[in-house]
Number of protein chains: 2
Amino acid sequence: MTTLGFALLGLLAREPLSGYDLAQQLKKPVGFFWHARHSQIYPELALLEAEGLVTHRVIDQTDRPDKKLYEITGQGRQVVGDWVTSPLPVPAVRDELVLRAYCVWLADRGRARAMFEEQARIHADSLAHYEAIKAWFEAEHHEQIRDITSPHFAGYAAVMRGVGYEREYTEWCRWVVTMLAAE
Amino acid sequence: MTTLGFALLGLLAREPLSGYDLAQQLKKPVGFFWHARHSQIYPELALLEAEGLVTHRVIDQTDRPDKKLYEITGQGRQVVGDWVTSPLPVPAVRDELVLRAYCVWLADRGRARAMFEEQARIHADSLAHYEAIKAWFEAEHHEQIRDITSPHFAGYAAVMRGVGYEREYTEWCRWVVTMLAAE
DNA sequence: GATACATATGTAGGTATTGACATAGGAGGG
DNA sequence: CCCTCCTATGTCAATACCTACATATGTATC
């Protein structure tokens, strides 16, 4: 089982979805900290089905192409639940912008400043996006987000991480900009 | 040119290093937001040398095996400087712990709480590590960390991100723990 | 003397992911 | 009627990365 497989199971545990739907949800910034292309999703769904973790049925559609609607099985639900608390491998953090910051002393000052200003904008936009989702959760599911057995709590927890992550990232970008702009 | 290639050039722009040294620096948590194994580093160094971005000379050592000391060329310095401000591809954020949080409603409450407590400890340790490096920079290079043409400024900027990242991550883990512990 | 460990450099095989190619039906606009 | 876009499912080749294998020298410990 790959991590992508668990990501798909985690989405299918909430509602039945087609491969196309899953690909939409795993597009940034909707996919909370995991994403994949349809070229990886379709084969992974076939593997999950071969292992008996999901099943599918074809839905005939008149106004658009037919689709395969995937549903999680009881076994799939068990597998993803066990995976959540299984030993976590050391996370592989890779951030190209931080790496670039580490090399910024070799770059042109003005161009570097422009780049970090743009990145600050991008992350501020992303932050606004997450904060909107957070507000939506609090308005629409103010009860369920306190119930840890509810998928809404889990979604809210992921969004909380998105807010914190992007807030810190935006602040750091702005700090770099002020340093590059100083004097 | 791969991102790893730029990472190696960024390190070699500071001082000549062997492949082994580079592998040590790119081990977590020393490698600030980029890491690689020696099995990837050695071939990459050969590619960089073939492109004329680095050169190497063999250093004879008596107390340990001989080593190849790599030095960046003028062209290599130019290439990495240009790369820093080149268009940045959309970052591919993948965080398995956040994905697990998104699925935590399917898991055992006690086990989940224990896992997030452990993760909080891990990230708190990492935060302490980054804060120690930050303090070292401020004590040893309090002048250079304000000079954007200095590698110390660049290193300080990367560490600042490490501090912010791990601080936020630790706080989020603790928030999840309190939610899982409530009632 | 044997064993383990740090230094040092490499290769080989497998997996996860991406980007491009491929097909197809229906909707909407010009 | 053509072109574009959204929906929908798939394959293929290339790449980035990891795990494991492979070798060699010197030091420290049992």
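Residue numbers begin at 1 in each chain, while the letters A, B, ... track the order of the sequences.
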Starting from P on D/dT9, measure out to OH on A/Tyr70 and report it in whole angstrom. 7 Å

Taking only the side-chain heavy atoms of A/His35 (C-beta and beyond), determine which of C/dT18, C/dA8, D/dA8 contains the nearest atom. C/dT18

Can you measure B/Met1 atom CE to D/dA16 atom P for me and round it to whole angstrom units? 11 Å

Pick out which of B/Tyr156, B/Trp136, B/Phe153 makes a ring pair (Phe, Tyr, Trp, His ring centres under 6.0 Å) with B/His141. B/Trp136

Please give, in whole Å, the distance from C/dT11 C1' to B/Glu44 CD? 16 Å

Can you list the steps and then say if B/Arg100 with B/Glu96 is a salt bridge (Lys or Arg N to Asp or Glu O under 4.0 Å)? CA-CA 6 Å; B/Arg100 289 185 184 207; B/Glu96 189 171 325; 2.9 Å; yes

Give me the ring orientation class for B/His152 and B/Phe137: parallel if the planes are under 30° apart, tilted from 30 to 60°, perpendicular past 60°. perpendicular

For B/Glu117 and B/Arg113, run salt bridge (Lys or Arg N to Asp or Glu O under 4.0 Å): C-alpha distance rounded to whole Å, both residues' side-chain angles, the deciding distance at 0.1 Å, then the answer. CA-CA 6 Å; B/Glu117 277 171 347; B/Arg113 184 184 164 183; 3.2 Å; yes

Ignoring backbone atoms, test whether B/Gln40 places a side-chain nitrogen or oxygen under 4.0 Å from the OP1 or OP2 oxygen of D/dA16. no

From C/dA8, C/dT18, D/dA8, pick the nucleotide closest to the side chain of B/Asp21? C/dA8

Give the rounded distance in Å between these two atoms: OH of B/Tyr42 and C1' of D/dA24. 12 Å

Between P on C/dT11 and CD1 on B/Ile41, what's the gap in Å once rounded to a whole number? 14 Å

Looking at C/dA16, I'd like to know if its phosphate oxygens (OP1 or OP2) sit under 4.0 Å from a side-chain N or O belonging to A/Thr3. no

Is the count of non-hydrogen atoms from other residues, nucleotides or ligands lying under 6.0 Å from B/Arg77 atom CZ greater than 12? yes

For residues 5-13 of chain A, which residues have at least one heavy atom under 4.0 Å from DNA chain C? none

Assess whether one donor atom and one acceptor atom, taken from the side chain of B/Ser39 and the base of D/dT19, lie less than 3.5 Å apart. yes

If you only use heavy atoms from C-beta on, which nucleotide in C/dT17, C/dG10, D/dC18 is closest to the side chain of B/Arg37? D/dC18

From C-beta outward on A/Arg94, which listed nucleotide comes closest to its side chain: C/dA16, D/dC18, C/dA8? D/dC18

Starting at NZ of A/Lys27 and ending at C1' of D/dA8, how long is that distance when rounded to a whole Å? 12 Å

Between A/Lys67 and A/Pro43, the residue closer to the 5' end of DNA chain D by nearest nucleotide is A/Lys67

Whole angstrom is fine here: how far is it from CZ in B/Arg57 over to P in C/dA8? 14 Å

Could you work out which one of D/dT7, D/dC18, D/dG10 sits closest to the side chain of A/Tyr20? D/dT7

Should the pair B/Glu168-A/Arg167 be classified as a salt bridge under the 4.0 Å nitrogen-to-oxygen rule? no

Given C/dC5, is OP1 or OP2 found less than 4.0 Å from the side-chain N or O atoms of B/Arg64? no

Within the side chain of A/Ser86, is there an N or O that forms a donor-acceptor pair under 3.5 Å with the backbone of A/Trp83? yes

Would you kindly give the NZ-to-P distance between A/Lys68 and D/dA8, to the nearest whole Å? 14 Å

Between A/Gln61 and D/dA8, does any side-chain N or O lie under 4.0 Å from OP1 or OP2? yes

Selection from C/dA8, C/dT17, C/dG10 that lies nearest to any side-chain heavy atom of B/His38: C/dG10

Taking the ring of B/Tyr165 and the ring of B/Phe33, is the distance between their centroids below 6.0 Å? yes

